[in-house]
Amino acid sequence: MRFSRRLAAVLLAAPLAVPVAMAHPAKAPSTVNRVTITRDEWGIAHVSGQTDADAVYGMIYAQAEDDFPRIERNYLVNLGRLSEAEGESAIWQDLRQRLFIDPERLKADYAQSPLWLRKLMQAWADGLNAWLADHPKAKPLVLTHFEPWMALSFSEGSIGGDIERVPLSQLQAFYDHKQVAMTASERGLIWQEPKGSNGIAIAPSRTKDGHALLLINPHTSFFFRSELQMTSREGLNAYGAVTWGQFFIYQGFNAHAGWMHTSSGIDNVDEFAETLVDTPTGAKGYRYGGQIRPLAENTITLRYRRPDGTMASRDFTTWASHHGPIVREEGGKWIAFALMNRPVAALEQSYLRTKTRDLSEFLKVAERKANSSNNTIFADDKGEIAYLHPQFVPIRDTRFDYTKPVDGSDPATDWRGLHALDTLPSVLNPKNGWAFNTNNAPWTAAGADSPKKTDYPVYMDELGENPRGPHAEKVLGERRDFTLPGLIAAAYDPWLPAFEHLLPPLFDAAASDPGNADRQAAIALLKGWDKRWSAGSTATTLAVNWGEALWAKRGDHPDPEDDSTSVWDWMERHASPAQRLAALDEAIARLKGDFGDWRVPWGDMNRYQRNDGAIDQVFSDAKPSTPIPFASARWGSLASFGAKRYPGTKRYYGTSGNSFVAAVEFGPRVTARAVSIGGESNDPASPHFADQVDRYATGDLRPVHFWPDDLAAHTTSTRILIRR
């Protein structure tokens with residue numbers, strides 16, 4: 001049923017209550033669905049409604065209050081309509097999206113969705129449209145009206161996604177019929193800040209008070225998610241991080257259980273090289289076993305904004321085999337790209353897991369097998385903990401190397417259904433009492449109780465280890481007295497383990513070639529360093545600048561014979577003494593040139609700055625900023641802060657890493673502490689634009705007001721929405 005809406009609002013100065021001021025005359029109470037948005041002292045929205053649909057209506061309205069531009073941009077990206085706002089430069093990103101996301105198919109999927117899910121999608125669209133109607137001064141770039149089927153275009157909350165594995169340069173080369181060189185980024189030759197997250201679950205056997213603990217620590221681009229709570233009388237009561245524009249808590253907890261998703265290293269997409277042949281009718285076809293199959297042909301029309309603001313369009317004739325859309329050409333063969341494309345099941349799984357009460361229920365929801373790219377760390381108030389591998393895992397013939405395009409004409413290369421959950425490298429209630437993931441392989445997820453790599457197909461993980469993995473293992477160790485503050489302290493442990501391996505070869509090189517006084521003093525400083533970040537540490541600044549300079553040298557002159565398993569491996573084993581010393585000299589010279597001395601305290605260089613509500617910030621050394629003591633995840637910092645110089649800046653400014661951090665204790669009554677980067681609002685005039693910055697920088701997580709009696713003492717405003 002479609003609801004119209006009327007809005008009534010009242011601002012309450014806590015703890016006093018005043019009468020509700022109705023914006024429109026009320027109808028009979030039996031026809032009214034009230035939705036309440038209560039804001040606490042940090043501006044966090046706590047949304048409650050009679051039904052789940054009411055809660056969805058209110059939570060998306062609250063999101064729009066806080067940052068509608070990010071909601072709109074996420075759906076422009078996921079609907080393949082970004083070029084309507086940003087111009088022709090975005091058209092290849094849109095085409096890539098539309099190869100997999102067809103609006104007509106989504107409309108059909110919506111019509112065939114279960115009734116309960118259609119109600120939620122309808123409420124989602126109604127809530128956004130209500131906000132637009134109530135805020136006529138808001139000027140959407142493109143999306144002035146939302147339809148419920150649009151929610152299916154963005155059914156999983158992870159940053160990026162499987163589709164980003166398709167290189168845009170080669171997509172353009174294929175569909176523009178011209179040569180386009182792959183970018184250095186696509187070739188993996190330049191450094192990119194690691195994307196991912198940390199999750200830790202600790203069983204009661206390793207906690208002081210006998211309660212399970214959960215760390216929720218996504219590493220995303222900043223301001224990527226909203227923090228809120230949504231409750232209903234239909235059993236919904238979830239709190240956590242919501243990717244802007246979605247109607248489910250992506251990483252969070254309810255009264256009984258919590259879940260933390262981390263980007264997985266699983267091989268969950270594949271390329272198939274199709275052999276083209278002519279069909280008897282003259283249409284394009286491809287060979288499949290002893291058959292000649294026709295390629296599916298389709299026309300995609302994309303609109304884009306011209307520089308003068310007017311709209312134009314381009315038509316693309318696209319092709320697909322049964323493996324997937326054609327995305328590029330290689331060696332005279334067309335390459336089809338296969339990935340998970342199950343929007344209804346994915347949205348069902350994303351929403352229903354927020355209502356699960358224990359591990360058994362969580363696994364039952366996971367049987368939908370519509371999570372393709374996320375590991376999950378789980379804990380509940382029964383004391384259960386788990387590491388769960390992504391559930392969408394195609395079965396492949398291990399005779400073939402799926403890290404490269406496989407022969408699409410050979411039926412043996414086809415996917416053979418999906419793995420059963422009990423055949424995945426997951427860990428349920430490990431005896432060691434903890435489980436973690438830092439975007440590393442599952443083979444260390446639970447210490448000695450981890451899955452054994454040799455028991456599983458190679459495609460279960462492509463990335464292997466990273467420096468945060470050993471760091472997590474060290475802070476967990478054999479400790480058996482964890483508390484909520486102790487878990488938070490572990491999450492902010494300042495050790496940078498990568499430098500334990502990277503610096504000794506530098507010291508060896510310097511012993512043979514001491515160089516000038518600056519080099520000798522720098523080596524002495526690094527030898528005396530404890531490999532831990534702090535705002536006042538000059539060694540941290542020097543080590544990071546040296547590490548980045550050395551990292552870049554692998555991409556400058558890639559060695560075709562290089563057998564390194566990672567950039568860290570290359571830096572430790574293969575970089576030459578001359579490269580190590582040259583990188584140090586470059587770091588010293590750069591710091592001296594920018595700051596007058598290479599001895600720069602880390603907090604003077606590493607900064608947080610948000611000047612306005614723009615999605616892409618422009619940074620300036622002349623404007624106020626906040627020192628941040630922690631460092632990039634690439635050096636093994638669990639508390640990640642991905643920062644770099646920008647045009648015109650000497651300082652580093654962070655744009656990704658710790659964005660939302662929560663620590664949860666599942667006692668008789670769940671308790672939690674959390675912090676969100678900056679604040680909850682994107683409006684610089686809001687008191688919640690930057691009110692969490694200092695807590696963020698110091699790891700001083702604030703109490704979460706999960707329970708109504710606690711929230712009542714911290715309420716600053718209440719808004720009542722009325723749905724009809």
Side-chain angles (χ1 to χ4, degrees), residues 72-103 141-142 153-154 156 158-196 220-221 224 263 267-274 295 298-307 312-321 323-341 372-373 403-405 462 555 558 615-616 655-656:
E72 183 183 23
R73 192 180 196 282
N74 279 345
Y75 281 91
L76 290 177
V77 169
N78 285 281
L79 290 167
R81 298 181 60 181
L82 186 62
S83 55
E84 294 179 40
E86 297 189 358
E88 198 170 8
S89 62
I91 207 160
W92 300 109
Q93 182 176 345
D94 284 349
L95 179 62
R96 179 176 66 183
Q97 192 73 13
R98 290 285 297 277
L99 288 174
F100 298 91
I101 300 298
D102 178 4
L141 298 175
V142 175
S153 71
F154 194 19
E156 191 194 46
S158 60
I159 188 167
D162 302 339
I163 199 170
E164 292 191 357
R165 303 273 289 273
V166 176
L168 292 180
S169 66
Q170 300 314 290
L171 184 73
Q172 179 183 2
F174 182 82
Y175 283 106
D176 235 2
H177 310 291
K178 64 181 183 182
Q179 292 289 324
V180 179
M182 290 185 71
T183 66
S185 177
E186 290 172 338
R187 294 163 60 203
L189 298 180
I190 62 173
W191 170 82
Q192 293 190 14
E193 181 66 25
K195 294 180 180 179
T220 67
S221 53
F224 186 71
S263 298
D267 175 10
N268 57 359
V269 301
D270 286 319
E271 292 185 319
F272 294 83
E274 310 292 14
L295 284 166
N298 188 32
T299 299
I300 294 176
T301 300
L302 298 176
R303 301 176 72 236
Y304 64 92
R305 186 176 299 276
R306 294 190 181 103
S313 64
R314 286 189 64 178
D315 292 334
F316 296 91
T317 299
T318 63
W319 309 92
S321 72
H323 295 117
I326 304 300
V327 299
R328 63 187 181 90
E329 183 176 3
E330 180 179 306
K333 296 191 176 185
W334 287 10
I335 307 300
F337 197 86
L339 50 67
M340 185 189 84
N341 193 2
S372 66
S373 61
T403 64
K404 303 173 183 177
E462 289 186 304
I615 291 176
D616 296 316
T655 57
S656 67

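In terms of the salt bridge (charged side-chain N to carboxylate O under 4.0 Å, His left out) criterion, residue partners of R328 (sequence neighbours excluded) are, by chain and number, E271, E330. In terms of the side-chain contact (heavy atoms from CB on, under 4.5 Å) criterion, residue partners of A173 (sequence neighbours excluded) are, by chain and number, Q170, V180. Residues passing the side chain to side chain donor-acceptor pair (under 3.5 Å) test with S313: none are found, sequence neighbours excluded. Residues that satisfy the ring-ring contact (aromatic ring centres under 6.0 Å, His included) test with F100, not counting sequence neighbours, are absent from this structure. Residues forming a side chain to side chain donor-acceptor pair (under 3.5 Å) with E86 (at least two apart in sequence, or on another chain): R73. Residues passing the side-chain contact (heavy atoms from CB on, under 4.5 Å) test with D315, sequence neighbours excluded: T299, T301. With sequence neighbours left out, R165 forms a salt bridge (charged side-chain N to carboxylate O under 4.0 Å, His left out) with E462. Qualifying side-chain contact (heavy atoms from CB on, under 4.5 Å) partners for D270, counting only residues two or more places apart in sequence or in other chains: D267, F272, R396, Y402, W415. For S656, the side chain to side chain donor-acceptor pair (under 3.5 Å) test picks out no residue, with sequence neighbours left out. In this structure K178 satisfies the salt bridge (charged side-chain N to carboxylate O under 4.0 Å, His left out) test together with D176, sequence neighbours excluded. Annotation: side-chain contact (heavy atoms from CB on, under 4.5 Å) contacts of N298 (sequence neighbours excluded): I300, T318. When the salt bridge (charged side-chain N to carboxylate O under 4.0 Å, His left out) test is applied to E88, the partners found at least two apart in sequence or on another chain are R314.
With a 4.5 Å cut-off on side-chain heavy atoms, S221 and T655 do not count as touching. Considering only heavy atoms from C-beta on, N78 stays 4.5 Å or farther from I101 through its side chain. The shortest side-chain heavy-atom distance between L99 and L171 falls under the 4.5 Å cut-off. Two residues are said to be in side-chain contact when any heavy atoms from C-beta on lie closer than 4.5 Å; V327 and F174 fail this criterion.
Using a distance-only test at 3.5 Å, with no hydrogens or angles considered, a donor-acceptor pair links the side chain of N268 to the main chain of S372. The closest donor-acceptor contact from the side chain of R305 to the backbone of E84 lies under 3.5 Å.
Annotation: the span from L168 atom CG to W92 atom CH2 amounts to 10.0 Å, rounded to 0.5 Å.
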